[in-house]
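What follows is a short report on a single structure.
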Amino acid sequence: MKKTIISFILCLFFPILLWAQTIQSPNGNLKLEFEVKEGIPYYQMAFKNKAVILPSKLGLELKNQPSFLDGFEIGEVVYNEFDGTWEPVWGEEKHIRNHYQEMKVELIQPATERKLIVRFRLFNDGLGFRYEFPAQLNLAHFIVKEEKTQFAMAGDHTAFWIAGDYDTQEYDYTESKLSEIRGLMEEAITGNISQTSFSPTGVQTALMMKTNDGLYINLHEAALINYSTMHLNLDDSKMIFESWLTPDAIGDKGYLQAPGQSPWRTVIVSHDARDILASRITYNLNEPSKIEDTSWIRPIKYIGVWWEMITGKSTWHYTDDFAAVDLNTTDYSKATPNGKHGATTENVKRYIDFAAEHGFDGVLVEGWNIGWEDWFGNFKDYVFDFLTPYPDFDLEGVKDYAKSKGVAMIMHHETSASVRNYERHLDRAYQFMKDNGYHSVKSGYVGYILPIGENHYSQWIVNHYQHALEKAADYQIMVNAHEAVRPTGLGRTWPNLVANESARGTEYQAFGGSKPNHVTVLPFTRLIGGPMDYTPGIFEMDISKLNPENDSWVNSTLANQLALYVTMYSPLQMAADLPEHYERFMDAFQFIKDVAVDWDQTWYLEAEPGAYLSIARKAKGKNEWFVGNVNGNESRTSTIKFDFLESGKQYIATIYADAKDAHYRKNPQAYTIRKVILDNKSKLSQLSAPGGGYAISIIEADKADTKGLKRLR
Ligand code: NOJ
Ligand code: CA
C-alpha cells in the first residue's frame, strides 16, 4: 500500500465556542461543523453551502451507568489529513484513493470524570464519524441502551427505503417522500420466514434519498464489528432520523468495554447520482486486509443446482417419508426417494459438464446433505451436520468428476439460523471442505435465530458472522453468506467475504416477483456496503413452465438479466438459470460466458435511483470492456459515450439489447444482437424497455474482423 500522510496535528485546547470545530473536505465542497451547546454535542454538514445535515445531536444512552448524552465540555481537538491509495484484492477498480480531513474531538464529562471521543473523517464525497471509548478509570464495561445519533434532514426528501427490521432485508424498495413513510409502512412489510419490524417510521440503511433541489444523500454504516446493526427511525414531525440499534434477546443493544469504538456512521452526498455509486467511503473506513497471503481468493463465475429448487421444480429434501428427522437415528437408506431431489449425482454431473463446456469456474450444489426434510420453522437445534450426503449424492464420485473436468465445487451450508449448531460444527465442516476440495461456501440463515430471542442483526450474531468469516480465512475458504447482516465494507479487511445476499435477491422473482425497477435501486442501497450474490441470468421468465404450481413471473427482460453482470458488482457471479434454458438462447448466453468478474476500472455513465443506470468496466488485466444498462418501469432511450476507450484505436462492440417490442411482462425474451465498430468518439442511443436494458462487450478490433460491420458515430 502506497501512502502519503500529511499530518498537521494541532493539539489545541478549545474553550466552549459555537461551531468552533470545523473541517472541510479536501476539495472544499463539504463543510462539517461541531459544537457543544448546553453540554450537548451537535454536528452539522453542508455541501456547497447547502444543508445536508442540520444541527444533530450525538450521544449514547447507557443502561448500567450515567449516559453519554449531556454534561459535556470539549477537551483536546486533533486535526489530521490523510491521502493514500490501496489495492483491493477484488473490486470495481484496481486502485482506491483514501483521502480525507480528520477531526478528533475529545468530550469530557466532568460530573462523571469520563471521556468520549467523536472522530470525524470528511472525504470529497461524504462523511464518516464514530464514537470512541478510550481506556479510563471510570469506564470499563458498559451496556448500550440506545445510540442517540441524529441525522436531521433539511427537507421532506424523496427516499428509497425498506422497512426497518431486525431479521430481514428481503423487501422491495418503496419510493416516497419521508413524510409518506408512515402511511406506506404496512404495505411495505411483505411476508418473510423471519421478520421483526419495530416502528412505523423505521427504515434500514443504506438509505438513499434525493432532495427537491437535486442533492443525493446516502446514510449507512461502515465496519460493523462487535456492535449491533443500525437502523434509522424517523421523527416525521421534524424530519430527524435517529439511530435505532438492533436489540438482543433481552432488549439490550450492545455490550462494550473501553477501549472500544462504534462502527462508522456514513453520509455520502453529491449533486450527481453517479458519485454515490463511485464512492468508496465505506471501504476506506474499514481496516486494510488482515489476510496476508490473498492468492487463494479468486473471483468466481458459477452455476448451480439451485434455481430448480427455488422455483419448486425440484426439492432440497430427499424423501417425503419423514415428517421429522433426527440426524442421529433416522435411517435414510430405507427411505423412498421422492423423485424430485435436485442434488442427485447424475444431475450434478450434468451441471459439471455444462460448467466445463462453457468455462464456468464452479458449481454450487444445495440439498446435498441430510436434514432438509424438516429444515425450517421448527426452532430445531441439531438441524444439519454439514458432513453427511444423502444416499443419492456420491460425494467422492462428484469430487473426482469435477476435478477431472477442471470445475470447482461450491459448498452449501444452510444453518437454518441454528447458529450454535453451526458453530459447534464449524471446524469439522470447514475441514471436510478442505479434504474434499471445496474452496468456497455459500452459507444461509433462514428462519428465526437460535438461541431463541436473538435477532439476525444483533451484536451477538454480528459476532457470529465475523467468527465464521475469520475461521474460514484460517481454512482459506471464501464466504458468501445469505440472510446475514448487510455488508459494511468489511470485504476490505476480510477479502474472503466475496459476497452476501442480505437483500431481496433473484429468488423473489420465483416467490411472486420483485418490482421491475428493483435493480436500479440496489446499487444505491445494498451494494454501498459490498457485493451481492444477486444470482442474475434468468432467461425463462414464466416460472409455471418449470413448476405448473408456481405462477410467478420474473419481472425483467432477458437483456436486463445480461446487464446485471455489469451493473450489480460482485466478484462472485452466478448464472442462475437451468442449463436447458441457456441452450435455447446460446447467442445471448455468450455474454454471460464472456463477461468478466473482476475489474481494472469502472465508469458510471448514467444514473438515477429507481429509474436507470449505465456502467462501463474494463476487465482486470485484459483489454476487454463491458457495459450494462438497467432500466426502470418506463421505457427510455439511454445515451452513452465511449470516451472511456483509448483514442486512436478501433473496437468491435457486440450489443445485446431489448427488441423494440420488448417488455418485462409482455415480451421479455425479445432481444437483438448486433456487432458494430466503434472508437472513443462513438456515441450510442439505445432504447431500453420497461424492466429492460442492454449489455455490451467490447474488444479491440483486428482489421480483418471489421469487414461488413457498421461504424457507430
Ligand atoms: C435462502 C437463500 O437465499 C437461497 O439462496 C437458498 O437456496 C435457500 N435459503 C436454502 O438454503
Ligand atoms: Ca435469501
Side-chain angles (χ1 to χ4, degrees), residues 162 165 167-172 190-195 204 302-318 340-343 348 351 362-378 380 383-386 390 410-419 421-422 429 440-449 456-457 465 468 479-487 498-514 518 522 526 531-538 543 546-547 550 552 554 568 570 572-578:
I162 53 175
D165 196 300
D167 283 293
T168 188
Q169 300 121 55
E170 294 179 351
Y171 292 122
D172 257 319
T190 47
N192 198 279
I193 291 170
S194 60
Q195 57 192 152
Q204 305 205 35
Y302 74 103
I303 59 168
V305 182
W306 177 72
W307 189 238
E308 47 184 281
M309 282 89 87
I310 290 288
T311 54
K313 178 180 163 56
S314 312
T315 62
W316 282 275
H317 64 280
Y318 167 73
K340 284 180 78 181
H341 185 216
V348 170
Y351 278 79
V363 173
L364 165 78
V365 182
E366 295 196 4
W368 67 276
N369 56 322
I370 58 170
W372 288 87
E373 282 67 26
D374 59 349
W375 73 282
F376 76 81
N378 305 308
K380 181 178 171 183
V383 55
F384 291 114
D385 70 3
F386 313 98
Y390 276 126
I410 300 175
M411 177 49 77
H412 184 230
H413 288 167
E414 175 55 60
T415 67
S416 187
S418 179
V419 176
N421 179 57
Y422 191 36
S440 56
V441 63
K442 168 179 171 180
S443 55
Y445 296 85
V446 169
Y448 286 99
I449 300 286
H456 277 75
Y457 312 140
Y465 304 132
V479 175
N480 162 23
H482 281 222
E483 294 87 32
V485 68
R486 78 282 189 278
V498 284
N500 280 111
E501 181 196 49
S502 310
R504 190 179 178 94
T506 298
E507 61 184 6
Y508 278 84
Q509 299 279 25
F511 303 161
S514 294
H518 187 53
L522 283 171
R526 162 64 183 75
M532 177 167 179
D533 183 30
Y534 183 71
T535 67
I538 303 303
I543 302 303
L546 290 87
N547 171 12
N550 185 345
S552 297
V554 178
M568 297 283 281
S570 177
L572 181 90
Q573 287 283 18
M574 185 179 204
D577 212 337
L578 312 183

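Everything numeric in this text was worked out from a predicted model, so none of it was measured. Atoms within a ligand are numbered from 1 in the order they appear, just like the ligands themselves.
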* To do: Using only heavy-atom distances, determine whether the side chains of Gln204 and Tyr171 contain a donor-acceptor pair under 3.5 Å.
  => no
* Give a yes-or-no answer on whether the side chains of Asn500 and Tyr465 include a donor-acceptor pair shorter than 3.5 Å. => no
* Identify, for atom 4 (C) of ligand 1, the protein heavy atom at the shortest distance, and state residue, atom and that distance. => Glu507 OE1, 3.2 Å
* Structure fact -> of all protein heavy atoms, closest to atom 5 (O) of ligand 1 is Lys442 NZ, 2.6 Å
* Answer yes or no: are there more than 12 heavy-atom neighbours, outside Lys313 itself, under 6.0 Å from its atom NZ? => no
* To do: Considering only NZ, NE, NH1 and NH2 on the basic side and carboxylate oxygens on the acidic side, decide whether Lys442 and Glu366 come within less than 4.0 Å.
  => yes
* Provide, to 0.1 Å, the distance between atom 9 (N) of ligand 1 and the closest protein heavy atom, together with that atom's residue and name. => Val446 CG2, 3.3 Å
* Atoms of ligand 1, numbered as shown, that sit under 4.0 Å from any heavy atom of Glu501 -> 3 (O)
* To do: Give the atom name of whichever N/O/S atom in Glu170 sits closest to the Ca ion (ligand 2).
  => OE2
* **Considering only N, O or S atoms of Glu501, the one closest to the Ca ion (ligand 2)** => OE1
* Check step by step if ring pair (Phe, Tyr, Trp, His ring centres under 6.0 Å) holds for Trp372 and His412. => CA-CA 12 Å; Trp372 288 87; His412 184 230; 5.8 Å; yes
* Asked: Does the ring centre of His456 sit less than 6.0 Å away from the ring centre of Tyr445?
  -> no
* **For atom 8 (C) of ligand 1, the option (of Tyr508, Trp316, Phe376, Trp372) bearing the nearest heavy atom** => Trp316
* Heavy-atom side-chain contact between Met574 and Trp306 under 4.5 Å -> yes
* To do: Only heavy atoms count here, so choose which of Glu483, His482, His412 is nearest to atom 1 (C) of ligand 1.
  => Glu483
* To do: Using a strict 4.0 Å cut-off to heavy atoms of Trp306, name the atoms of ligand 1 that fall inside it.
  => 4 (C), 5 (O), 6 (C), 7 (O)
* Can you label the angle between the Tyr422 ring and the Phe386 ring as parallel, tilted or perpendicular, going by 30° and 60°? => tilted
* Asked: How far is atom 7 (O) of ligand 1 from its nearest protein heavy atom, and which residue and atom is that?
  -> Glu366 OE1, 2.6 Å
* Structure fact -> With His482 as partner, the option from Thr535, Thr415, Asp533 fulfilling side chain to side chain donor-acceptor pair (under 3.5 Å) is Asp533
* Which N, O or S atom name in Glu507 marks its closest approach to the Ca ion (ligand 2)? -> OE2
* Atom of Glu483 nearest the Ca ion (ligand 2) (restricted to N/O/S, atom name only) -> OE2
* To do: Around atom 11 (O) of ligand 1, find the nearest protein heavy atom and jot down its residue, atom name and distance.
  => Glu414 OE1, 2.6 Å
